[in-house]
Amino acid sequence: MSRMPADESVDNTEERFSFEKFARHHFFKQANAWLVAHSGICSNSSVVDLACGPGAVTELILRELDETVPGTCVYAVDPSPSALALARKRVHSPIVRFIQGSAERLASLVPQVDVVVFTNAIHLVADKVTAFEQVFKTLRRGGVLGFNTTFFDGAYPGETRRFYKLWVLRAVRWLRERGYDVSRGVKATAMQWLTVDEYRALLRAVGFAEPLVELQEKALSRESLEDIGQFSLFIEGALPGVPLDVGAEALTYGVRQAFDELKLSYVPRNWLQVVARRA
Ligand SMILES: C[S@@+](CC[C@H](N)C(=O)[O-])C[C@H]1O[C@@H](n2cnc3c(N)ncnc32)[C@H](O)[C@@H]1O
């Protein structure tokens, strides 16, 4: 029997559990396109795409820029080598530089820029004060930070909390029936969920001017939730300690069950969009 070389199988695993599937959904592209359009990018701006992931937002930023103007550039930063590898495959532009690193060290990774775009990742950062301080230092005076997230206190409109609870409950039941040990009471996603007011206070404390804040409701289809349930960081957040392939299967089963039991055709969910200027 022939075996796949070790590094190739690692690449395949990382690609399989990447964020790319979820990022293809229309509502997701729309949320990011709104933010990019409202972050004050001009045709000759210098921009950081912080937490660039597989590069979909890098492409949106490039559409706003004129590559022929000297000084125009994009620094696409992410701590994940596999996400950067996908982004490199996807984005081919002479003005984009890919840099491995995290928000907490941003100012030491890139020169000062006009705009920092930071989509769908702030909730993954444990030390948000340091991350915002680093972004502040990275921005020129008058520069703009645009960030968004759907993992914040306020993301679940109406009764939708019930759906997420049932989703995880059904996934956990599926796992237990197969002999997997899962800790109870885990929230179906990554780290800390801040309120809108807590984000405002953080930005103010770091020195940003009063931000523009919008809540935008999106309709998440069953397929899109199945896709987020295949993303490694989501699986680790929802079902800690469970192997990724098993967790992904359990979450797929859980989504389908929850949709059927609650007779849903979609789940509404809020995106928080924030645009803040460095005073
Ligand atoms: C959900 S993906 C978002 C990708 C892209 N921004 C988008 O909206 O399509 C989250 C990304 O945040 C990155 N990330 C996690 N922790 C981070 C940190 N401390 N600083 C910067 N990026 C981080 C992950 O590696 C991942 O690529």
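Each ligand, and each atom within it, is numbered from 1 in the order the structure gives. The first residue of the sequence shown is numbered 1, and numbering continues consecutively from there.
Not close to ligand 1: Phe22, with no non-hydrogen atom less than 4.0 angstrom away. Within the 4.0 Å heavy-atom cutoff, Ala56 does not count among the residues contacting ligand 1.
Under 4.0 angstrom from ligand 1, the non-hydrogen atoms of Asp78 all belong to its side chain. Residue-level proximity to ligand 1 for Val77 is absent, since no heavy atom of it falls below 4.0 angstrom.
The shortest N or O to N or O distance between Ala103 and ligand 1 is below 3.5 Å. Below 3.5 Å of separation, one finds an N or O of Thr119 facing an N or O of ligand 1. Below 3.5 Å of separation, one finds an N or O of Ala51 facing an N or O of ligand 1.
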- Item | Residue pair Phe147, Phe132: steps toward the ring pair (Phe, Tyr, Trp, His ring centres under 6.0 Å) verdict | CA-CA 11 Å; Phe147 74 90; Phe132 282 139; 5.4 Å; yes
- Step by step, would you call Tyr164 with Trp193 a ring pair (Phe, Tyr, Trp, His ring centres under 6.0 Å)? CA-CA 15 Å; Tyr164 293 99; Trp193 292 36; 8.0 Å; no
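With no hydrogens or angles considered, a side-chain donor-acceptor pair links Glu67 and Ser93 at under 3.5 Å.
Residue, atom and distance of the protein heavy atom nearest to atom 17 (C) of ligand 1 are Pro79 CG, 3.7 Å. The nearest heavy-atom contact from the protein to atom 2 (S) of ligand 1 is Phe19 CD2, 3.7 Å. Closest to atom 15 (C) of ligand 1 among all protein heavy atoms lies Leu124 CD1, 3.8 Å. Among all protein heavy atoms, the one lying closest to atom 19 (N) of ligand 1 is Glu104 OE1, 3.0 Å. Looking from atom 10 (C) of ligand 1 to the surrounding protein, the closest heavy atom is Asn120 O, 3.5 Å.
Atom-to-atom distance recorded for Asp227:CG and Phe234:CZ is 11.5 Å, nearest 0.5 angstrom.
With hydrogens and angles disregarded, a donor-acceptor distance shorter than 3.5 Å links the side chain of Gln273 to the backbone of Ala31. Side-chain N or O atoms of Arg176 include one that pairs as donor or acceptor with a backbone N or O of Val182 at under 3.5 Å. A donor-acceptor contact shorter than 3.5 Å is absent between the side chain of Glu217 and the backbone of Arg269. Not a single donor-acceptor pair under 3.5 Å links the side chain of Thr72 to the backbone N or O of Ser45.
Here salt bridge (Lys or Arg N to Asp or Glu O under 4.0 Å) pairs that include residues 103-121, with residues two or more places apart or in two chains, are Asp114-Arg140.
Contact atoms of ligand 1 toward Ser80: 25 (O) (distance under 4.0 Å to a heavy atom of the residue). Interface atoms of ligand 1 facing Val125, defined by a heavy-atom separation under 4.0 Å, are 18 (C), 19 (N). Interface atoms of ligand 1 facing Asn32, defined by a heavy-atom separation under 4.0 Å, are 8 (O).
Residues satisfying the side-chain hydrogen bond (donor to acceptor under 3.5 Å, both in side chains) test with Glu59, not counting sequence neighbours, are Arg90.
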